[in-house]
J.: 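Before anything else, here's the structure in question.
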Amino acid sequence: MSEYNPSQIEPKWQSFWLENKTFKTDDTDRTRPKFYVLDMFPYPSSAGLHVGHPEGYTATDILARYKRMKGFNVLHPMGWDAFGLPAEQYAVKTGTHPRETTRYNIAQFRRQLQAIGFSYDWDREVDTTDPAYFRWTQWIFLQLYKQGLAYEASVPVNWCPALGTVLANEEVIDGKSEVGGFPVIRKPMRQWMLKITAYAERLLNDLDELDWPDSVKEMQRNWIGKSVGADVQFQVDGHDEIIEVFTTRPDTLWGATYMVLAPEHPLVDVITTPEQREDVQAYRNEASLKSDLDRTDTRKKKTGIFTGGYAINPVNDARIPVWVADYVLISYGTGAIMAVPGHDERDWEFARAFGLPIVEVVAGGDVEQAAYTDNQDGVLTNSSATGITLDGLRVPDAKKQIIQWLESHGKGQGTINYKLRDWLFSRQRYWGEPIPVIHVDGQPKPLDEASLPLELPEVEKYEPSGTGESPLSLIESWVNTTDPQTGKPARRETNTMPQWAGSCWYYLRYISPDYELGPVDPEKEKYWMPVDMYVGGAEHAVLHLLYARFWHKVLFDLGVVSTKEPFQRLVNQGMILGEMEYTLFLDENGGYLSPEQAERYDGELTRIKLTDEDIEKTATGFVLKAEAASLHGLSGHDGELAIEARSYKMSKSRGNVINPDDVIKEYGADALRLYEMFMGPLEQVKPWSMRGVEGVYRFLKRVWRVFVDDRSGTLNEDLHQAEPSREQLKVLHETIKKVTEDIEGGRYNTAISQLMIFNNEAMKWDKKPLEVMQTFLVLLSPFAPHIAEELWSRLGNAQTIAAEHWPAHNGEYLVADSFTYAIQVNGKVRATLELPATQASDKTTVLELAKKEPLIARYLAEGNLVKEIFVPLKIVNFVVKP
RNA sequence: GCGAGAGUGGUGAAAUUGGUAGACACGCUAGAUUUAGGAUCUAGUGCCUUAACCGGUGUAGGGGUUCGAGUCCCCUCUCUCGCACCA
């Protein structure tokens, strides 16, 4: 073989690594520092690997290979998040057991990942659907149950009567089922809940210690949604009942001119007067029919209805009307509010719409024009009653005062509320972990830990039961059982766990995948945890990461794990979009439409894909070239015809999906790896470009030719056991330094460009010192491991390059012989001055020589030199005034 | 609406603490070589001006700080992501 041929060398090295277990993690070595680098494991879908997967996986693989060479004991595993809906839906359609589908898809995924040359320790593979794995998922559930963190409740689900099944949120689109478009209603069903709210405060506080993207931390904070305020009790006028509200602005109590109950609030019936009953009932019905989307549309006008009833404001005994309105949500706070239209935008809007009074109690704005919501600098006014006044206080102080007053008068207390809800933990599905609970005499009873795993029974059909329960409910022989302790008849729980469950703790199982005494071997856990680097998609910013943190904290409290947080550092890779597309829009009659017009166009839109040749860029954007325009019968138009230039998310329907297998077939895995990293910063969203792949492929071919003679296929004769020149050492050590720093900083794109710079230089060398070239291969090996191994072995090395030590740069070689100053006049570069390094820091010499530069002398002659700036080894600037 | 982030050539992108903007690559142009190539090599390539040098201009737009700003400060615009009546 003479030319670079990845399809020959790549499978060879992949087998080598597998057979020799090159990347097996040594579990007994406690002398080296550890490094745990983790990928978000994939759902093995039937579609196979997507180019988005190898993006993050390549980044972590480079890091893992680098850290090993740096002397770290590296844990770099992979596994499968294999429970989930698609396999079950496929089973409903074809009768194939989800286990079979899953097994097949996993094999596909594994094959594809191995074809990219990732350095996973395949002996640690985990599969969430493996009973040996979910035994411990169920075990953790039992611990949650014992801690009182798992409980049953009746909660509305997405019930589709036409399909006879409960749907996941993602299967419901605009209130209709994704399949068939049938109506979906909210139906309360018995469900398992996990009390994540009990951990809200810790989940919030511990974010501070994590080295995560700010955006993710912020999203989690918003999701948890802590707000500090007070519960305040309002006596209902003429009744014994009390309406309790939650408010973050108890200081504005005097401004509360009405109250609002959520339509579902239990006190609505009590408060509503007979005259209003009919209207209120109608309003409540209407609200119940609205989808959540309609109800929470902020642009819509507010609606509501007066109950006829009144409540008493505890601070001033004012009698204020109680309304019902759907802008108040039953699920947050107490489902009731005190409305302060002067200082809350929503209340202000509502008050305006229904002619309710607006009272100013915080000075600083004009409550006739808009609600004044400043809660820092505003000063209280109109807020006095017997024994208390807030007047003159600033908002934060007023809050403290009034809460004290409320507490001492038994009218309320300081409270903290969270947006975070408890986690709905059951799914009415077959393909999930069975919840290890039986029901005896109508009471839930956990299974004995020793009896785990509780496996899924074989079923005939995977269709929904028709009652909304999971298909498991139809398996009489499985559902009906006896309580092993009392012998009483019992019924098994038929709900299964959501897909999140298995992914909540998989990072622990990798540490000791065969451990039998618990989810993780405690000794090993102490060594390996926490995860030092976790890379995955931003779509998991909230749910997966929050749920996993929650379980981890529970396990921490139980002493199962030793760290408060599972993932010390987190990086989100950005999405890879399809190739850039240039589109011309035409209307029904073949007439031209601008991209803006096309967006609003109602008729049949024609999209014409254009190539680079058809278009050009002008000051206003991309437009059609004249030749191309006439081709589409658009020659009659004046001026430039704007077209759309953008890249879209890859999707089957758009037909712009790139299959990694195809890329590997044509350019090889090393080119795929290199391209995915060279595209741009890891975190960024970026469009795919096959031309870019070709570019890095050409680089690899050049690397090959630097070592191997194209014609003979033997090593190049200019590779010598020679003493490297100073110039060669300089480039090499610059490359060592840059590549090292860039890997540490996650800047893989610029690391690759430095490798390219080195190779471009090396191509020019008549004599290529072996020592220098071998070091280059070591630097290249984390990025393009196959070509590096192949060339390494051709150079006569018997051992894998993965076992080499990462080189360190020597600062001595980085010093240049000369330095080039940019000479500025008034901040503009007018000349450059190259001088020996020995003189470069000497101010007098440099300035003197600089002034002699012909161009500089010209500028100096034209004005008066008022100032000389000299920054050693940076710049010279002359300030000249006319 | 709120929150976060980002706007740099024809394209993907580089640019330590403010110090020669556009590294590296794609594309394009010209040339060489080859039976041919979408292979390889050489040279050029922000824009305007020029035969070339010189020069002008340029990091979304406007203003400011500074000897000097892509980088720091203020305002405006656009885009992306997240949240969205959470009291």
Side-chain angles (χ1 to χ4, degrees), chain A residues 3 213-219 221-223 225-227 229 245-249 252 260 262 295-300 302 325-329 331-340 343-347 349-350 417-421 538-539 541-542 572 574-575 580 612 615-618 622 645-646 675 678-681 683-696 698-699 701-702 705 710 741 747 749-757 760 763 820-832 855 858 866-871 873-880:
Chain A
E3 285 191 342
D214 287 338
S215 61
V216 176
K217 289 202 210 180
E218 200 52 33
M219 278 162 74
R221 286 190 191 107
N222 291 338
W223 191 262
K226 179 179 181 175
S227 49
V245 303
F246 173 72
T247 176
T248 54
R249 295 295 303 274
T252 61
V260 185
R295 274 186 63 163
T296 55
D297 189 349
T298 51
R299 284 163 305 188
K300 199 194 50 175
K302 290 198 168 26
D326 66 3
Y327 82 92
V328 172
L329 308 175
S331 55
Y332 185 77
T334 61
I337 62 159
M338 63 177 215
V340 184
H343 307 284
D344 181 284
E345 281 166 24
R346 296 151 303 182
D347 297 344
E349 218 180 289
F350 190 82
N417 242 297
Y418 299 92
K419 268 196 270 182
L420 183 68
R421 304 277 74 133
E539 65 274 21
V542 178
N572 289 129
M575 199 182 356
M580 180 79 95
D612 295 4
I615 54 151
E616 60 188 336
K617 186 159 184 192
T618 67
F622 284 93
R646 56 170 289 194
Y675 174 65
F678 190 59
M679 288 172 92
E683 301 82 356
Q684 201 163 301
V685 177
K686 40 207 175 287
W688 185 269
S689 157
M690 269 309 176
R691 281 183 167 151
V693 182
E694 284 171 18
V696 294
R698 285 205 278 269
F699 163 65
K701 287 206 285 193
R702 283 195 295 269
R705 282 202 307 275
D710 251 358
E741 288 171 357
R747 294 179 298 271
N749 54 333
T750 49
I752 292 167
S753 83
Q754 182 62 39
L755 291 167
M756 288 173 169
I757 290 170
N760 290 346
M763 282 197 300
T820 306
Y821 273 101
I823 316 294
Q824 299 182 332
V825 176
N826 292 335
K828 285 199 166 99
V829 179
R830 296 296 179 183
T832 55
L855 280 169
R858 205 177 88 198
V866 296
K867 198 168 178 183
E868 296 171 346
I869 310 285
F870 173 77
V871 185
L873 301 180
K874 291 268 189 213
I875 204 124
V876 173
N877 188 11
F878 296 114
V879 184
V880 176

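Letters A, B, ... mirror the listed sequences (proteins, then strands); counts begin at 1.
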J.: Any chance you could measure A:W223, atom CH2, to A:R421, atom CZ, to the nearest 0.5 Å?
T.: 11.0 Å
J.: Given side-chain contact (heavy atoms from CB on, under 4.5 Å), test A:D347 with A:I337 step by step and report yes or no.
T.: CA-CA 10 Å; A:D347 297 344; A:I337 62 159; 3.5 Å; yes
J.: Which residue, A:Y675 or A:K867, contacts RNA chain B at a nucleotide closer to its 5' end, judged by nearest heavy atom?
T.: A:Y675
J.: Would a distance-only check, ignoring hydrogens and angles, find a side-chain to backbone donor-acceptor pair under 3.5 Å from A:N826 to A:V880?
T.: yes
J.: Pick out the pairs of N or O atoms, protein on one side and nucleotides 56-59 of chain B on the other, that lie under 3.5 Å.
T.:
unit_1 : atom_1 : unit_2 : atom_2 : d
B:G56  : OP1    : A:R830 : NH2    : 3.3
B:G56  : OP2    : A:R830 : NH1    : 2.8

J.: Of A:N417 and A:M219, whose closest RNA chain B nucleotide lies nearer the 5' terminus?
T.: A:M219
J.: What protein N or O atoms touch nucleotides 7-11 of chain B N or O atoms at under 3.5 angstrom, if any, and at what distances?
T.:
unit_1 : atom_1 : unit_2 : atom_2 : d
B:U11  : OP1    : A:K617 : NZ     : 3.3

J.: Using a 4.0 Å cut-off on protein heavy atoms (strictly under), produce a 5'-to-3' string for nucleotides 15-36 of chain B with B for base contact, S for backbone-only sugar-phosphate contact, and - for none.
T.: --B-BB--BBSSS---------
J.: To the nearest Å, how far apart are A:E345 CD and B:C85 C1'?
T.: 10 Å
J.: Round to the nearest Å and state the distance from A:D344 atom CG to B:C2 atom C1'.
T.: 14 Å
J.: Between atom CG in A:N826 and atom P in B:A69, what is the gap in whole Å?
T.: 11 Å
J.: Taking only side-chain nitrogens and oxygens of A:Q684, does any of them come within less than 4.0 Å of OP1 or OP2 of B:A6?
T.: no
J.: A:E868: what forms a side chain to side chain contact (heavy atoms under 4.5 Å, CB included) with it, not counting sequence neighbours?
T.: A:L847, A:K851, A:L865, A:F878
J.: Do you know the tightest heavy-atom contact between A:M338 and A:T252?
T.: CE-OG1, 3.8 Å
J.: Could you give the CZ-to-P distance, from A:R249 to B:A87, as a whole number of Å?
T.: 12 Å
J.: If you draw a 6.0 Å radius around CD in A:E345, do more than 12 non-hydrogen atoms from other residues or ligands fall strictly inside?
T.: no
J.: Once you measure the plane-to-plane angle for A:Y821 and A:F870, does it fall in the parallel (<30°), tilted (30-60°) or perpendicular (>60°) bin?
T.: tilted
J.: Establish, with yes or no, whether the OP1 or OP2 oxygen of B:C83 is under 4.0 angstrom from a side-chain nitrogen or oxygen of A:R221.
T.: no
J.: Can you see which heavy atom on A:L329 is nearest to which on A:A262, and at what distance?
T.: C-CB, 3.9 Å
J.: Listed by chain and number, what are the ring-ring contact (aromatic ring centres under 6.0 Å, His included) partners of A:F350, not counting sequence neighbours?
T.: A:Y258, A:W323, A:Y327, A:F354
J.: Nearest-Å distance, CG (A:N222) to C1' (B:G1)?
T.: 14 Å
J.: Can you tabulate the close N/O pairs, meaning under 3.5 Å, that link protein atoms to atoms of nucleotides 47-51 of chain B?
T.:
none

J.: Between A:R830 (side chain only) and A:G827 (backbone N and O only), is there a donor and an acceptor less than 3.5 Å apart?
T.: no
J.: In whole angstrom, give me the gap between the C1' atoms of B:U45 and B:G10.
T.: 11 Å
J.: By side chain to side chain contact (heavy atoms under 4.5 Å, CB included), which residues pair with A:R702, not counting sequence neighbours?
T.: A:R698, A:F699, A:R705, A:N759, A:N760, A:M763
J.: Please map the stems of RNA chain B, keeping only stretches of three or more Watson-Crick or G-U wobble pairs with both distances under 3.5 angstrom.
T.: B:1-7 with B:77-83, B:10-12 with B:24-26, B:27-32 with B:40-45, B:46-48 with B:55-57, B:60-64 with B:72-76
J.: Dump the intermediate steps for side-chain contact (heavy atoms from CB on, under 4.5 Å) on A:V696 and A:M756, then the final yes or no.
T.: CA-CA 9 Å; A:V696 294; A:M756 288 173 169; 4.1 Å; yes
J.: Quick one: list whatever passes side chain to side chain contact (heavy atoms under 4.5 Å, CB included) with A:R691, sequence neighbours left out.
T.: A:D612, A:S689
J.: A:E539: what forms a side-chain hydrogen bond (donor to acceptor under 3.5 Å, both in side chains) with it, not counting sequence neighbours?
T.: none
J.: Where does B:G9 land, syn or anti, once you apply the within-90°-of-0 test for syn?
T.: syn
J.: Without decimals, in angstroms, what is the distance between A:K686 NZ and B:A6 C1'?
T.: 14 Å
J.: Looking at A:W688, I want to see if its CH2 is surrounded by more than 12 non-hydrogen atoms of other residues, nucleotides or ligands under 6.0 Å.
T.: yes
J.: Got a sec, which residues hit side chain to side chain contact (heavy atoms under 4.5 Å, CB included) with A:P213, two or more places apart in sequence or on another chain?
T.: A:S215, A:V216, A:L570, A:N572
J.: Nearest heavy-atom pair of A:P687 and A:Y675: which atoms, and what distance?
T.: O-OH, 3.8 Å
J.: Rounded to whole Å, please give me the gap between CZ in A:F699 and P in B:A39.
T.: 18 Å
J.: Name the pairs: protein N/O against N/O of nucleotides 42-44 of chain B, kept only if under 3.5 Å.
T.:
none

J.: Determine the minimum heavy-atom distance between A:P681 and A:K686, stating which atoms define it.
T.: O-NZ, 3.1 Å
J.: How long is the line joining NZ of A:K701 and C1' of B:G37, in whole Å?
T.: 11 Å
J.: Heavy atoms from C-beta onward define the side chain here; which of B:C67, B:A14, B:G12 lies closest to that of A:P681?
T.: B:A14
J.: For A:I875 and A:Q824, which heavy atoms make the closest approach, and how far apart are they?
T.: CD1-NE2, 3.6 Å
